[in-house]
Amino acid sequence: MRNRFLPILTSILILYSCLSRPLIAFAEPQIETPHAAVMEVSTGTILYEKDADTPVHPASVTKVMTILLIFEAIEKGEISLIDKVTTSAYAKSMGGSQVFLETGEVQTVETLLKCIIIASGNDAAVTMAEAISGTEEAFVERMNAKAAELGMEHTHFVDCCGLTESEDHYTSARDVAIMSRELLYRYPQVTEYSDIWMEDITHETAQGSSVFTLSNTNKLLRSYDGCDGLKTGSTSYAKYCLSATARRDGIRLVSVVLTAPDTKTRFAEAAELLNYGFSMCTMYYDEETPQLSKITVKGTIQQEFAVTVEGEFSYLSTSAEDFSLIEKQTEWQDDIQAPLEKGDEVGAYIYTLDGKEIGRMPIVMAESAEKAGYADYLNLAWKRWML
């Protein structure tokens, strides 16, 4: 009788064991697209890759770098969203995807940004390249310099829109993820434009005014929960490409597919990769404000000074870790002496999980600490004597 129940008991124990611990094994997607990558944006962690370093033609996904440099130029004060830009004959001559700008037509930077991001306008991209750098060639030099700065090791640009079929124009799935992450991380406002499904712009030319409807080329906006960007691309040479981004539960991912065989595969597999990425990710945010005691600073008359933790801490887990095991501790510099300015670093606020450090935040002065001189000490001694 005892032997009859042994297999049942064993099965129950195995089932209980499986249910009582998190499942951390995730089956990798089996996709048709030759080159792909999935990246978590806040940390830059690659969650999946398939032949991600092979240089291939990205078509209009090239414009991710163009858009990044436009936002960078705005940040530097070189241009503003309300500045007006004139279309050249060269910009008008661009083929492929376009918004039909006329020679001499004037549009604002913001309108041209929408034309690039929503409708992938090649004419708008070249117009902005000329506005920022004078010529498209000079702007492309800037694109390649930025790619080198970001560590995009398998990238070289020839134009600013991806229209060329030159073999010298190439990037990789990993590099597209890198530049997409840079754009989304530094300029999250880009999704205010990339999330627009349709919008009308007005052409004002010598022949009169007309309305043109921008239609978003990213079909995942309507079919994938949380998707709000980023850039499509397709030519007969590059096939079908996409850098898609979505945000769920505070986690933002970028899914890159390059040289997909058709548009249906491009969107379906980008969505599959996003699903895989989200299934792997959990994000820890420290929502508690660290309560730190005041510290003593050598060489000052004032007894204690306030300090604070700078920034907000987050930690990405891809292995279903138990965040309740996270511990926090402070670590101070060996010799904290005046003078110190507000914001000077004096220690670190350290996070550990199961005994392993997972990150640290700087502890900085919340107020300045001036170095005491002879007169200060004399005055202090006098006050104490008077008491």
Side-chain angles (χ1 to χ4, degrees), residues 22 38-47 67-68 71-72 74-76 149-151 177-195 225-230 244-255 274 277-295 297 304-333 336 340-369:
V38 179
M39 178 182 283
E40 193 280 321
V41 168
S42 70
T43 62
T45 302
I46 291 288
L47 304 172
I67 297 162
L68 171 60
F71 276 107
E72 192 174 80
I74 293 170
E75 182 182 45
K76 291 178 178 178
E149 177 189 324
L150 294 176
I178 289 171
M179 67 178 178
S180 299
R181 185 235 177 190
E182 180 75 2
L183 175 58
L184 290 160
Y185 190 74
R186 286 184 59 191
Y187 308 108
Q189 64 268 35
V190 67
T191 59
E192 297 174 12
Y193 302 104
S194 61
D195 195 31
D225 181 33
C227 181
D228 54 6
L230 183 61
T245 185
R247 182 180 177 87
R248 290 182 181 176
D249 300 323
I251 297 171
R252 179 172 290 283
L253 302 182
V254 169
S255 172
L274 286 171
F278 283 122
S279 75
M280 291 181 66
C281 287
T282 50
M283 187 72 78
Y284 168 80
Y285 293 96
D286 189 359
E287 297 178 350
E288 298 179 357
T289 302
Q291 301 299 316
L292 300 178
S293 300
K294 291 186 175 183
I295 64 169
V297 178
E304 296 178 322
F305 294 84
V307 292
T308 186
V309 175
E310 186 177 58
E312 297 179 353
F313 181 75
S314 63
Y315 169 68
L316 174 72
S317 172
T318 58
S319 56
E321 293 167 295
D322 185 355
F323 291 155
S324 68
L325 299 178
I326 290 179
E327 297 180 346
K328 310 165 194 177
Q329 61 188 49
T330 55
E331 180 181 276
W332 302 101
Q333 293 178 359
I336 304 176
L340 291 169
E341 297 293 329
K342 181 180 179 180
D344 284 350
E345 188 171 343
V346 291
Y349 197 66
I350 302 170
Y351 295 79
T352 59
L353 177 55
D354 199 20
K356 177 185 175 183
E357 183 177 325
I358 59 172
R360 57 176 59 205
M361 302 293 288
I363 299 176
V364 300
M365 296 291 293
E367 54 185 324
S368 297

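In this text the structure is predicted, and so the values were computed from the model without any measurement.
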Could you tell me if the side chain of [Y] sits less than 4.5 Å from the side chain of [X], heavy atoms only?
X: Glu40; Y: Thr318; value: no
X: Ile295; Y: Met365; value: yes
X: Glu72; Y: Arg186; value: yes
X: Phe323; Y: Thr282; value: yes
X: Phe278; Y: Asp225; value: no

Check: [X] side chain, [Y] main-chain N or O, donor-acceptor pair, under 3.5 Å:
X: Asp322; Y: Ser324; value: yes
X: Thr245; Y: Val254; value: no
X: Glu327; Y: Thr352; value: no
X: Glu310; Y: Thr308; value: no
X: Arg181; Y: Val41; value: yes
X: Tyr349; Y: Phe313; value: no
X: Ser368; Y: Lys342; value: yes
X: Gln333; Y: Glu345; value: yes

Check Ala348 against Arg360 and note the closest heavy-atom contact, atom names and distance.
CB-NH1, 3.8 Å
Side chain to side chain donor-acceptor pair (under 3.5 Å) between Glu75 and Tyr187, intermediate numbers included:
CA-CA 9 Å; Glu75 182 182 45; Tyr187 308 108; 2.7 Å; yes
Between the side chains of Arg252 and Ser42, is a donor N or O closer than 3.5 angstrom to an acceptor N or O?
no
Tyr315 vs Tyr351, ring pair (Phe, Tyr, Trp, His ring centres under 6.0 Å): CA-CA, chis, key distance, verdict
CA-CA 9 Å; Tyr315 169 68; Tyr351 295 79; 9.4 Å; no
